Amino acid sequence: MGAKGTETRGKLIDATRGLVEKHGYFGAGLNQIIETSGAPRGSLYFHFPGGKDQLVAAAVAQSGNEITALIDAVEPGDTAAAATSLLTAFGDRLEASDWHQGCPVATVTLDVAAANDTIQAECAAAYTAWEQALRIRLQADGRSDAADLAAAILAMIEGALLLARAQRSREPLERVARTIRTML
């Protein structure tokens, strides 16, 4: 694929990421994705012959990789810093989007993961990668309960995002950050 093809593919994925995070799977139609991306209609099926499901799966995978990179950016041995950094980044996304965009995977997961195997697999892979990145840091912290604690921290972060979005406030994120620092 040439540079133009790579650019067009990237525009389609970026448009999809923003639209499904803000409006959910069902609220982001293909016409809207094409319009937002500025890509020609034929490019959609050229790059994503599987249609919307393949495109949304690619968007979830890319979002998942970016969050994993945020966690990995903090050196192992300071899980509290990694979790706080993640909560801050999510809070910044929420505020910048007027409380529409927090976790780039959660909205899609809630919308279709129970009924769509392709998208469910990508959502599960993203959450598994995040949990593994946290577990590695907890193991470096010397925690024997690293696996259970990583799952609990991820659940706390996702729950705090839901509350922050509902309340249009960073306070739930800040409370969870304090709780994680206390736990660790």
Side-chain angles (χ1 to χ4, degrees), residues 1-75 82-83 85-134 136 154 157-158 160-162 164-166 168 170 173:
M1 180 180 340
K4 186 172 180 172
T6 301
E7 181 182 338
T8 298
R9 187 177 195 283
K11 286 179 181 180
L12 287 164
I13 290 172
D14 289 344
T16 302
R17 288 175 60 181
L19 290 169
V20 297
E21 186 176 353
K22 187 173 183 177
H23 303 293
Y25 178 87
F26 298 107
L30 289 178
N31 289 335
Q32 189 179 18
I33 291 168
I34 291 166
E35 181 181 327
T36 301
S37 71
R41 178 172 295 283
S43 295
L44 179 97
Y45 290 104
F46 175 78
H47 292 289
F48 301 97
K52 184 176 179 180
D53 286 352
Q54 185 182 9
L55 178 55
V56 171
V60 168
Q62 185 174 325
S63 295
N65 291 338
E66 287 180 7
I67 301 303
T68 301
L70 277 175
I71 299 169
D72 288 345
V74 176
E75 289 296 316
S85 174
L86 191 56
L87 285 160
T88 299
F90 281 146
D92 291 347
R93 287 172 53 81
L94 276 167
E95 278 190 313
S97 68
D98 197 27
W99 307 102
H100 289 111
Q101 296 177 305
C103 176
V105 176
T107 304
V108 176
T109 301
L110 292 170
D111 272 357
V112 295
N116 185 312
D117 293 341
T118 301
I119 295 173
Q120 179 276 329
E122 288 300 336
C123 293
Y127 285 123
T128 298
W130 302 348
E131 190 175 327
Q132 179 180 342
L134 290 167
I136 288 167
L154 182 56
I157 290 170
E158 287 295 319
L161 281 165
L162 181 64
R165 196 169 177 181
R168 295 183 181 171
R170 286 183 88 121
L173 302 170

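Computed from a prediction, not measured in an experiment: that's the story for all the values here.
The line from CG of Asp72 to CD1 of Ile67 is 11.5 Å long, rounded to the nearest 0.5 Å. In this structure, CG on Leu110 lies 15.0 Å from OH on Tyr25, to the nearest 0.5 angstrom. The distance from the CD atom of Gln54 to the CG atom of Leu12 is 11.0 Å, given to the nearest 0.5 Å. With rounding to the nearest 0.5 Å, the separation of CZ in Phe48 from CG in Leu30 is 11.5 Å. Separating the CG atom in Leu162 from the CD1 atom in Ile157 is a distance of 14.0 Å, to the nearest 0.5 Å. Rounding to the nearest 0.5 Å places CD1 of Ile71 at 4.5 Å from CG of Leu134.
Counting all heavy atoms, side chain and backbone alike, Ile34 lies closest to Ser37 at O-OG, 3.0 Å. Between Cys103 and Tyr127, the shortest heavy-atom contact is SG-OH, 4.0 Å. The nearest pair of heavy atoms linking Ile13 to Ala58 is CD1-CB, 4.0 Å. Scanning both residues, Ala28 and Ile33, for their nearest heavy atoms gives O-CD1, 4.1 Å. The shortest non-hydrogen separation linking Asn116 to Ile119 is OD1-N, 3.0 Å. Across all non-hydrogen atoms, the minimal contact from Cys123 to Val60 is N-CG1, 3.9 Å.
For residues 38-53, the set of pairs meeting the salt bridge (Lys or Arg N to Asp or Glu O under 4.0 Å) definition, not counting sequence neighbours, is empty. Among residues at least two apart or in separate chains, salt bridge (Lys or Arg N to Asp or Glu O under 4.0 Å) pairs with a member in residues 11-34 are Glu7-Lys11, Arg17-Glu66, Glu21-Arg93. Contacts classified as salt bridge (Lys or Arg N to Asp or Glu O under 4.0 Å) and involving residues 94-104 (residues at least two apart or in different chains) are given here: Glu95-Arg170. Pairs of residues two or more places apart, or lying in two chains, never qualify as salt bridge (Lys or Arg N to Asp or Glu O under 4.0 Å) while including a residue from residues 115-132.
By the side chain to side chain contact (heavy atoms under 4.5 Å, CB included) test, Ser85 is found to be paired with Val74, residues two or more places apart in sequence or in another chain being considered. With sequence neighbours excluded, the residues that form a side-chain hydrogen bond (donor to acceptor under 3.5 Å, both in side chains) with Thr68 are Trp130.
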Can you list the steps and then say if Glu158 with Leu161 is a side chain to side chain contact (heavy atoms under 4.5 Å, CB included)? CA-CA 5 Å; Glu158 287 295 319; Leu161 281 165; 4.1 Å; yes
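Side-chain atoms of Val20 and Thr107, non-hydrogen and from C-beta on, never get closer than 4.5 Å to each other. Contact of the Leu70 side chain with the Phe90 side chain is not registered, since no non-hydrogen atoms from C-beta on lie closer than 4.5 Å.
Dense packing is recorded around CD of Gln32, with more than 12 heavy atoms of other residues, nucleotides or ligands lying under 6.0 Å away.
In this structure, Ser97 contributes its side chain and Leu94 its backbone to a donor-acceptor pair below 3.5 Å.
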